[in-house]
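Lettering of chains follows the sequences in order, A, B, ..., and the numbering in each one begins at 1.
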Protein chains: 2
Amino acid sequence: MKDGPDIARIGALMGDPARANILCALLSGKALTATELATEAGITGQTASSHLKKLMEGGLLTQAKQGRHRYFTLAGPEVGAVLEAVMGLAARKGHLRTRTGPRDPQMRAARVCYDHLAGDMAVRIFDSLQKRGFLAVSTDKGGIALTDDGAGFVSSIGIDLDTLSASRRPLCRACLDWSERRNHLAGGLGAALLTRFTDSGWLRQEPSSRIVHVSPKGEAELKKLFQV
Amino acid sequence: MKDGPDIARIGALMGDPARANILCALLSGKALTATELATEAGITGQTASSHLKKLMEGGLLTQAKQGRHRYFTLAGPEVGAVLEAVMGLAARKGHLRTRTGPRDPQMRAARVCYDHLAGDMAVRIFDSLQKRGFLAVSTDKGGIALTDDGAGFVSSIGIDLDTLSASRRPLCRACLDWSERRNHLAGGLGAALLTRFTDSGWLRQEPSSRIVHVSPKGEAELKKLFQV
DNA sequence: GCAATGCTTCGACACGGATCGAACCATGGA
DNA sequence: TCCATGGTTCGATCCGTGTCGAAGCATTGC
């Protein structure tokens, strides 16, 4: 059984605790510098440099040098999706961190999954879109498509569908939520919704964390939009 | 960023080449003995025993002792799905096995993904079901549901939907195909279709491999059913 | 030009874990 | 009862690699 892609290379990259911490930190979607990632992972700068080099060679990260800083991000949404999927398996098998802090409930409520929203709130938004007939099974890469009604709805929120559709990225994708074990909306539209809600001040991402807070106004507006 | 499930444990389990071979071998869906897995992975029995123990403790495998044999299988469909997802990422990042043998095209054409069909043929079947309006986006765990028309269609093929629906397992799930980068049908229905086609002699799984061969009769019948 | 900061490379060290040989249980058959 | 086969446990070995200190570049700011 030596057929198929080499799963061990990716597994080994995720398998080191320090590298796993780095990847989880980057799941926040933010671009972080090498030293930030080092402190995040609890290692020195030298060690982090070695890890980051390996993650780059493995194709999981991209870097952008800016001045004397070097910013790292996940190589793309598909990397984030796989990380969430592995997290889901880990959660199911009881591989929780030894210290599950008080931040855990907040993570389950609403968090960032690389570039879109995840957690309980994201799942409820997905359900709302589905129940109102805004989503349809598609033969496209994403597996999901917007119906005409759905297109009208998101346009009414102020999402520019034309530019989104022009991108090569699939508009809608289903991403498996590790805490809810159900789907939430990823893809170009998922990312656009997150930026839309953040720009409006409805959502605010906690610094150096994946946790997302909902403002009182956001609470009201989202309830109006999605009946959640 | 010490929040969330422990991704490193799972990663480390997949990260060893011998263990990766074992997991890939079990993606064929068959239950294999410890010695079979040892030869498959190219290691001795003692080493395999140690690896199998770790995979068991990690919750990725289940074992069933039968006589003096010990049969191992993947712990469930969700494990297979994650393995396929990681394979997809590995393929995208160019992490192919050094020796991609002549069997590779056959793998891409049709193969088993733990308990359902994957590869080009599976993707085309999924497309056919979708185009004819047999699938709908759902709020259930799987994210996909059968429409009434779809239920009529699969019943007409001889699938017993009542017993399938009675199971706690989601009826339909979308599983990302590593070779096609598109969805194919997993879940209880996906598994039922595979057994149905195999029992009819339309499909035949190659021994000790994930490759699936299509009989001439199967070719004709599947074309009739799905216009593929 | 000089110092400070961010990051990488080099070298050395130490720990973990993958591996196999040999001995040790368990089951099934003669 | 004895042997053969499938699996596990134990012990020893050895390679890989994660780790950090120190030195070396690169870039920015004074």
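- If you take CD of B:Gln66 and P of D:dG7, they are 12 Å apart, rounded to a whole angstrom.
- Counting only heavy atoms from C-beta on, A:Thr44 has its side chain closest to D:dC20 among D:dG18, D:dC20, D:dG7.
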- Stepwise side chain to side chain contact (heavy atoms under 4.5 Å, CB included) test for A:His213 and A:Leu203: CA-CA 6 Å; A:His213 296 282; A:Leu203 303 180; over 6 Å; no
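- Look at CG on B:Leu32: it is 11 Å from P on D:dG7, rounded to the nearest Å.
- Listed candidates were C:dT19, D:dT19, C:dT8. Nearest to the side chain of A:His51 is D:dT19.
- Listed for the A:Glu78 side chain is no donor-acceptor partner under 3.5 Å among the backbone atoms of A:Val82.
- Across residues 52-64 of chain B, B:Lys54 each have a non-hydrogen atom less than 4.0 Å from an atom of DNA chain C (numbered order).
- Atom C1' of nucleotide D:dC20 and atom CD1 of A:Ile43 are separated by 11 Å, given to the nearest angstrom.
- Side chain to side chain, B:Thr44 and B:Thr47 meet the donor-acceptor criterion of an N or O pair below 3.5 Å.
- Taking atom CZ of residue B:Arg70 and atom C1' of nucleotide C:dA26, one finds them 9 Å apart after rounding to whole Å.
- Salt-bridge annotation for A:Glu84 and A:Arg210: present, with a side-chain N of the basic residue lying under 4.0 Å from a carboxylate O of the acidic one.
- Rounding to whole angstrom units, CG of residue A:Leu37 and P of C:dC7 are separated by 9 Å.
- One interatomic measurement links the two molecules: CZ of B:Arg68 to P of D:dT8, which rounds to 14 Å at whole-angstrom precision.
- The residues B:Arg181 and B:Asp177 are annotated as not salt-bridged, no charged nitrogen and carboxylate oxygen being separated by less than 4.0 angstrom.
- Between B:Asp160 and B:Arg196 no salt bridge is recorded (no basic side-chain N to carboxylate O distance below 4.0 Å).
- Across the protein-nucleic acid pair, A:Gln46 atom CD and D:dT19 atom C1' stand 9 Å apart, rounded to whole Å.
- The phosphate of C:dC20 (OP1 or OP2) has a side-chain N or O of B:Thr47 nearer than 4.0 angstrom.
- Looking at heavy-atom distances under 4.0 Å, A:Ala18 makes contact with sugar-phosphate atoms alone, never a base.
- Residues B:Tyr114 and B:Leu26 approach most closely at CD1-O, 4.3 Å, considering heavy atoms.
- Per the geometry, CD belonging to A:Glu36 stands 10 Å off P belonging to C:dG6, to the nearest Å.
- Mapping B:Ala34 and A:Gly67 onto DNA chain D by nearest heavy atom places B:Ala34 closer to the 5' end of the strand.
- At least one side-chain nitrogen or oxygen of A:Thr35 sits closer than 4.0 Å to the OP1 or OP2 atom of C:dC7.
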